[in-house]
Amino acid sequence: MIPPEKIEEIKNASDIVEVLSEYLELKKSGSNFKAKCPFHGEKTASFMVSPEKQIFRCFGCGAGGNVFTFIQKQENLNFVEAVRLLARRSGIQIEEQQYTGGKFDEKEKIIAINKAALEYFRENLKKNTAAMDYIIKRGITQETVDEFMLGYAPSGSGLFTLLKSKGYSEELIYKAWICKKGDSGSGYDVFRNRIIFPILNVYNDPVAFGARVLDDSLPKYINSAETPAYSKGKNLYNLNNARKHAAESINITEGYMDTIAMYSAGFKNTAASLGTALTPDQARLIKRYTQKAYLIYDMDDAGKAGAVRGGDNLFEAGIDAGVVSFEGAKDPDEFIKKFGAEEFRKRIASAVPFFDFRAQRLAQAGDIKNPYYKEKAAREIASLIAKAESPVVRRECIKRASLLFDIPEGIIEQYVSGKEKEPELTPAPEVKKPAGMKEKGRESAERLIAVYALCAFERDDRDVLLRHLTNKRELLGIAHADFLSPLYSEVLKKTEELYSSGEKNVLSRLQIDFAQDNDAVAFIADAITRDTSKAATEDLKNMIDDCLSRILGDKVTEKLKELQVKIRQAEAEKDFEKVKVLIREKQEIQNILSQRGEQLE
């Protein structure tokens with residue numbers, strides 16, 4: 001178990017806006033921030049983050065909670081794993097014996113294996129003359145070797161033997177995808193006789209590897225498969241370094257050598273998409289660090305097609321993208337070697353805006369004078385324009401498409417708005433609502449009682465409201481155990497206990513105490529996002545009374561039904577004395593209800 005005090009320390013060190021900004025594009029909205037929900041597809045942002053209350057809530061799918069809840073959902077971790085991740089992010093130490101097992105623990109072990117492998121590769125590069133000759137031949141300096149932590153994987157199974165000697169299980173070694181199990185049953189190294197390019201995350205941890213042969217034999221490159229520590233579409237090569245220089249823009253290349261060549265030539269803001277197309281996740285990752293990106297892909301057909309796919313994702317993410325073209329070389333590495341860094345800088349400065357590149361590719365892909373192809377091209381470009389959130393960007397793109405395709409702006413605009421009316425949204429997942437969220441009557445009253453108790457801490461009259469709620473509940477003989485919903489019962493009980501104990505920050509403490517109960521955290525987040533500031537004290541007291549009366553009435557009704565069943569049983573057994581006692585008890589309850597002006601059958 002991680003002590004509550006340590007959890008609270010980690011929570012206090014993990015500002016929800018700062019943490020969520022690493023995953024989402026947050027925009028200021030009054031005193032809060034908003035974004036498109038990462039948990040379901042939506043066109044209009046309905047995901048709100050409160051820096052004051054340190055909570056989030058999506059008004060579209062209902063997801064809500066605190067910083068731990070978000071990390072659990074986003075990273076698919078359990079609570080302890082989410083706490084560990086945020087502790088590490090904040091530089092807070094947690095004793096090793098306080099946690100074991102789980103996906104995050106497995107991820108960390110794979111990273112540890114990768115660190116041992118990287119050390120092995122780097123040491124072997126120093127020992128291998130052929131590998132060092134290749135490095136020198138490619139124009140890579142020792143400084144670059146050290147900066148990019150390049151290595152060499154020799155033939156054989158030396159890495160497998162090393163990792164086994166360090167105590168790692170074969171199952172975990174295979175899961176890290178740097179060794180495989182052979183037909184004979186023994187393990188062997190995946191990367192052999194290859195230059196190693198470590199892929200680091202933004203925390204500078206090696207999460208995967210790329211490997212290139214020393215000649216032109218095939219396959220030229222072998223890359224790590226996906227593991228619990230690595231997802232290809234969610235990482236960029238050298239982003240750990242490039243992000244520090246990406247305030248104005250970032251350069252995106254296809255691969256390792258292009259990135260290294262550009263970085264070494266002074267283009268420090270360069271990363272690689274680890275393939276021929278930038279993914280939506282990679283585009284969102286880039287958006288965390290910059291608003292401008294240059295796609296610098298190879299000049300072949302595959303490179304241009306990759307620029308289209310990657311550019312589409314950058315455009316949708318709201319990133320101003322440009323496509324860099326160059327002649328006389330097959331890739332940026334070769335161009336810089338031939339013509340120099342300054343000439344390549346000019347190519348970047350003259351990059352074609354992505355939308356123009358995209359529209360021109362469409363116009364050139366068919367007979368743009370043919371009305372049928374013209375309509376097809378117009379619809380395709382309109383579908384891209386519709387993805388732009390900015391109305392200014394949409395308007396400008398409609399003008400450009402109109403001029404290029406020789407189609408009136410109004411027609412392009414119709415196609416764009418048609419996409420808006422029928423957007424291809426990812427269906428919102430069915431959100432598992434906390435127990436009692438589909439209730440009527442009794443459980444609705446229980447939910448509102450708990451909500452009013454939580455909302456009281458956002459008001460100046462909190463003492464009046466909370467004392468009234470507790471006193472009236474006890475006066476009516478309504479125990480927490482009488483609630484049908486365990487969720488509302490436990491939240492209300494804990495709220496009253498913390499308040500009566502003099503706890504200064506009840507809402508924060510509740511989130512810590514219920515930290516491992518996602519339903520409770522989501523309910524608390526939902527409750528405290530409600531604005532009751534305009535409600536008068538007496539109005540809230542009356543609503544509390546109405547809810548308590550509903551709970552009591554329902555409780556009494558159940559008691560009367562129970563008594564009626566017992567009376568019938570006693571009559572069947574001809575136990576008339578017991579019948580008299582039960583009828584008297586039933587009459588007493590009805591008399592009490594009559595005095596309160598109620599009649600329940």
Side-chain angles (χ1 to χ4, degrees), residues 53 57 59 62 64 433-500 506-507 510 514 519-564 585-601:
K53 299 175 182 178
R57 182 171 184 240
F59 292 90
K433 295 187 177 181
M437 287 301 283
K438 297 180 180 178
E439 78 287 347
K440 294 181 180 179
R442 165 77 174 275
E443 287 187 74
S444 177
E446 294 175 2
R447 175 173 56 83
L448 288 172
I449 284 292
V451 167
Y452 293 144
L454 294 167
C455 287
F457 292 97
E458 303 290 326
R459 297 172 56 93
D460 294 333
D461 57 0
R462 74 185 66 182
D463 294 333
V464 174
L465 292 173
L466 289 166
R467 281 199 295 267
H468 177 81
L469 190 158
T470 302
N471 292 340
K472 192 65 177 282
R473 181 182 59 75
E474 292 176 348
L475 180 66
L476 295 176
I478 300 173
H480 297 115
D482 291 329
F483 279 43
L484 297 180
S485 166
L487 170 61
Y488 306 143
S489 171
E490 287 302 314
V491 170
L492 179 63
K493 181 181 179 182
K494 192 66 180 178
T495 301
E496 291 181 331
E497 287 176 353
L498 290 172
Y499 173 71
S500 63
V506 172
L507 294 180
L510 279 170
F514 285 108
D519 285 347
V521 172
F523 171 69
I524 294 167
D526 176 60
I528 61 182
T529 54
R530 296 168 183 258
D531 183 11
T532 63
S533 59
K534 295 180 181 178
T537 303
E538 288 305 313
D539 289 340
L540 284 178
K541 287 169 69 176
N542 289 335
M543 286 189 275
I544 289 170
D545 291 348
D546 289 344
C547 290
L548 288 172
S549 294
R550 181 57 188 259
I551 294 170
L552 178 63
D554 197 68
K555 176 184 174 183
V556 170
T557 298
E558 290 301 317
K559 181 65 176 176
L560 289 175
K561 288 180 180 178
E562 181 184 327
L563 286 172
Q564 189 60 44
E585 186 178 350
K586 179 181 177 182
Q587 189 61 51
E588 287 174 356
I589 293 173
Q590 289 179 325
N591 289 339
I592 293 172
L593 291 175
S594 179
Q595 291 171 10
R596 294 176 59 236
E598 297 185 24
Q599 183 64 43
L600 294 172
E601 297 298 337

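Because the structure is a prediction, the values reported are computed rather than measured.
Salt bridge Arg442/Glu446: present, at least one basic N to carboxylate O contact under 4.0 Å. Using a 4.0 Å cut-off between charged nitrogen and carboxylate oxygen, Glu558 and Lys555 do not count as a salt-bridge pair.
A donor-acceptor contact under 3.5 angstrom links the side chains of His480 and Glu496, judged on distance only.
With contacts defined as side-chain heavy-atom distances shorter than 4.5 Å, the pair Glu458/Lys53 qualifies. When side chains are defined from C-beta on, Phe514 does not count as touching Asp519, because their heavy atoms never get closer than 4.5 Å. Looking only at side-chain heavy atoms (C-beta outward), Asp546 and Arg550 stay at 4.5 Å or farther from each other.
Applying the 6.0 Å contact sphere to CG of Asn471 captures more than 12 heavy atoms from other residues, nucleotides or ligands.
Taken to the nearest 0.5 Å, the CG atom of Leu448 stands 4.5 Å off from the OH atom of Tyr452. Atom CZ of residue Phe483 and atom CD of residue Glu490 lie 11.0 Å apart, to the nearest 0.5 angstrom. To the nearest 0.5 Å, atom OG of residue Ser549 and atom CG of residue Asp554 are 12.0 Å apart. From Leu475, atom CG reaches atom OG1 of Thr470 across 12.0 Å, with rounding to the nearest 0.5 Å. Between atom CD1 of residue Ile551 and atom CG of residue Leu484 there is a gap of 8.5 Å, rounded to the nearest 0.5 Å.
Contact detail for Arg462 and Ala456: the closest heavy-atom pair is CB-O, 2.9 Å. Here the closest heavy-atom approach between residue Ile449 and residue Leu469 is recorded as O-CD1, 3.8 Å. The two residues Gly64 and Ala525 have their closest heavy-atom pair at C-CB, 4.2 Å. The minimum heavy-atom distance linking Cys547 with Ala445 is given by the pair O-CB, 3.6 Å. The minimum heavy-atom distance between Ile544 and His468, with the atom names listed, is CG2-CD2, 4.2 Å.
Screening Ile528, Leu466, Leu510 against Phe457 for a side chain to side chain contact (heavy atoms under 4.5 Å, CB included) leaves a single residue, Leu466. The side chain to side chain contact (heavy atoms under 4.5 Å, CB included) with Arg473 is formed by just one residue from the set Leu548, Leu552, Asp482; it is Leu548.
Annotation: salt bridge (Lys or Arg N to Asp or Glu O under 4.0 Å) contacts of Arg467 (sequence neighbours excluded): none. Arg459 is linked by a side chain to side chain donor-acceptor pair (under 3.5 Å) to Asp461, counting only residues two or more places apart in sequence or in another chain.
Judged by distance alone, with hydrogens and angles left aside, the side-chain atoms of Ser489 form no donor-acceptor pair with the main-chain N or O of Ser485 at under 3.5 Å.
Residues Tyr488 and Phe523 bring their aromatic ring centres within 6.0 Å.
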